[in-house]
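Source: prediction; values computed, not measured. What's counted below: heavy atoms across the whole structure, side chains too, no hydrogens, waters or symmetry copies.
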Amino acid sequence: MSTRRSGGRTVRSAGLAFLVGILVIGLLASPIPAQAPKPGGTLTYVVSAEPPSFDAHRETTFAMLHPIRPHYNLLVKFDMPNYPKVVGDLAENWTISQDGLTYTFRMRRGVQFHDGSPLTSRDVKASYDKIIFPKGDVVSVRQATYEMVEKIEAPNPTTVVFRLKWPSPSFLANLASPFNWIYKADILEKEPRWYERNVMGTGPFKFVEYVRGSHWAGVRNENYFVSGRPYLDGYRALFIRAVAAQVAAVRSGQALIEFRGFTPAQRDDIVKALGDKVVVQEGGWLCNLLVVFNVNRTPFSDARFRRALTLAIDRWGGSRALSQITLLGPVGGVMRPGSEFATPDSELVRLAGYGRDIGAARAEAKKLLTEARVPEGFEFTLKNRNIPMPYEPAGVFLIDQWRQIGLRVSHVVQETGPYLADLRGGNYEAGIDFSCDFMDEPDVQLHKFISADRSPANYGGYTDRVLDRLFTEQSRTRDPEKRLQLIRQFEKRVLDEKAYQIYVLWWHRIIPHWTKLRGWKMGPAHHLDPDLQDVWIAD
Amino acid sequence: MAASITITPRAQPRPRWLGWFIRRYPLGAVAGLAILTMGIAAASATWLAPYDPLAIDFLAMFSRPGPGHWLGTDAFGRDVLSRMIFGAQTALLVGFFASLAGATLGGVIGVVSAYFGSTGDLVIQRLADILISFPLIILAMAIVAILGTGTVNLIAAIALSFVPRAEIIVRASALGIRQTPYLEAARALGAGHWRIIFRHMVPNVVAPYLVILTAFLGQAILLEASLSFLGLGVAEPTPAWGLMLSGAAVDFVQRAPWMAIFPGLAISFMVLAFNMLGDALRDALDPKLRT
């Protein structure tokens, strides 16, 4: 016993001496602190789809943002390490009037476009005029988000003023949309759609080349307005569609990261192969899957039937299991779990389909089916996208859950184009829909649920003026407490009382990346990544 | 009063065919037995399968093969054996109807084309040449892309891709009998085109038809599995062997290899069995190959 203790002391002493030695050698050998950003190198990363066009004002997809975003700046942006804090990008600072109707932005000086011309407030006004007041055949998908804007002014080259029709608590965050790239006014004046097929911004990287089916490349902007940035010499976004090939690219070091997200199995695969060469960032994801019901079809027109369908789903059990095999995970209501306006679990369990006692919920569901005169074995179709992850497992899960209250469901899987056409055209009974946003903001997340004549994103076909009123009220309420109450009322009506659309689960974001990739912190939305300004590669 | 002549082939002593076939082609007989077993299993899946193939059991996710689940469970905790037994229904349903429809339609077109000849035959042959130049799976994928997914569309897609292949084989046999004396005789007696085709030509191409039918069965099962694997066949949660090989089976192949191994083996054995039976039938039915 004593011999063993003595031996242990010897081993501990030797170990301590070894560690101290390593530390001393390490300190002497490194000329700079270990965490100091190192300039140089080219970052390669995977993008799983190609951009439909190069114009962020008309697109909604990460496939356009991830390769092209590093060429541009925004007026203001989210400070990713401190999300959802908004900081200036091209704006140096700003003021908001007492009545909340005037936002005045002071621009940075010395900012140049990649062609060498200076950026002025005129460029910002022209870009936002294109987003908010598009003319002719110019498409702006976020036009409706800015319906509170009355006009934009550029009183001098360094000042931009937004005048609103009513105060909007979400306005500043809305300006930080990663899609609101600032374009050059002269170009927009001559050819408003020039940016759909061309690139020219003020961002940290200049455009080099786009080879369809292969890659998108950028090179460091030597005249970038942030001193010492970017750190990288350049970047190369590799377009790799097959998931297995994406994993292989990261595993082999051909790419250091994929900014959208991997499944738990893919994460494990990469971690197993790379060990401590890889680090995994995980967290909530501002994406979710929901089920939309066509209220113009019987019995989906009956709220009792829709409530029965949501009551049958064991979300808590499903979350525990599906989070092991899919991107799906957190149980949530209309706001992302963990975000500012999210309903805590203690209140969530009071909504239909969120209770912990699934047996009781299903008994109630069967009672509702009887009341709604829906026979045992009633059959309907569930339309779904042919994207395996996470749509397919969600479909399998839902069909199983509904079988348990005696319903028979056919799974109809379609290409995205026909699937969306069917949902938009009302050619469906129930469909798995999705929502992916760039920020936690009730105006953005609730927009999908207001009446179909006000929201093109509502495929349910219903009209509910109570929801519309609640939406408008919360959107214009500056008191956070009152706004929260309105959001809760909205949530209860959508998910419980009427069950127009119901959530399956929210997504869980998993990004395994090489340890040597530094200066990047994962946010809750894959749309917010990356501008690559602060990213660097360690040795 | 018109004279009536009935031409019948010379009566052959009927061999005890099944016994002869088993003795002469034991591998083919074993393959036939395997197919029969699968057919019985598929027909009695409701009674034979130990679990509901669609029932999710999250407490049993990734269970190893053992007493509770003989072939283990998948990522949703569904019993692999039960899904394989029910998957045999899908494989046989798609395989049988697709090959029957493809071989029959192709066979009829082949006989008609051979009988009438002329420009129509030329056009049909060039069309068949074009279609046959595409690999089977590419053709089936293209048709699925047009028709959409689902069991019925899958059957239609596979059947249509078989048509030109069946047409060419059957036409070749039909050409050989087009100028035979008994057809001339039927024609001389005033038999119409369709009577000659269906009464005299079709029965004489039954042997090659049966051979391609069995060959197509194996190919159809493989095609169904391939298309389902690619997400173009039947949709989850329908039990189908190809589907069982995709998705989570790929993602978790190291953690739960049984998810892929057993359906993979089932596909391999079934295709092998149909091919062996097809070869044996070809040899048995073709007089030129009999010694």
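- Of the residues considered (A/Gly395, A/Pro388, A/Ala321), A/Ala321 shows the highest number of contacts with chain B, using heavy-atom pairs under 4.5 Å.
- In this structure, chain B has no heavy atom under 4.5 Å from any part of A/Pro264.
- Among A/Pro393, A/Pro418, A/Gly317, the residue with the largest count of heavy-atom pairs under 4.5 Å with chain B is A/Pro393.
- Counting non-hydrogen atoms of neighbouring residues, nucleotides and ligands closer than 6.0 angstrom, the CZ atom of B/Phe96 reaches no more than 12 such neighbours.
- When the candidates A/Glu415, A/Arg320, A/Arg403, A/Met389 are compared by the number of heavy-atom contacts under 4.5 Å with chain B, A/Arg403 comes out ahead.
- With a 4.5 angstrom heavy-atom cutoff, B/Ala75 touches chain A via backbone and side-chain atoms both.
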So B/Ile56 and A/Val396, side-chain contact (heavy atoms from CB on, under 4.5 Å) or not? Walk me through it. CA-CA 9 Å; B/Ile56 287 177; A/Val396 172; 3.9 Å; yes

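- In the displayed structure, B/Gln254 atom CD is contacted under 6.0 Å by at most 12 heavy atoms of other residues, nucleotides or ligands.
- Here the shortest heavy-atom pairing between B/Leu54 and A/Asp400 reads O-OD1, 3.7 Å.
- Between the side chain of B/Thr149 and the backbone N or O of A/Gln414 there is no donor-acceptor pair closer than 3.5 Å.
- Rounding to the nearest 0.5 Å gives a distance of 11.5 Å between CG of B/Leu230 and CG of A/Asn386.
- Listed for the A/His411 side chain is no donor-acceptor partner under 3.5 Å among the backbone atoms of B/Ala235.
- Two residues are said to be in side-chain contact when any heavy atoms from C-beta on lie closer than 4.5 Å; A/Ile325 and B/Phe76 meet this criterion.
- Using a 4.5 Å heavy-atom threshold, the side chains of A/Leu322 and B/Phe58 count as touching.
- Atom CG of A/Asp269 is separated from atom CG of B/Asp251 by 9.0 Å, given to the nearest 0.5 angstrom.
- By the neighbour-count criterion of 12 heavy atoms within 6.0 Å, atom CZ of A/Phe378 is densely surrounded, having more than that number from other residues, nucleotides or ligands.
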Full working for salt bridge (charged side-chain N to carboxylate O under 4.0 Å, His left out) between A/Asp268 and B/Arg255: CA-CA 10 Å; A/Asp268 296 345; B/Arg255 181 173 166 187; 5.7 Å; no

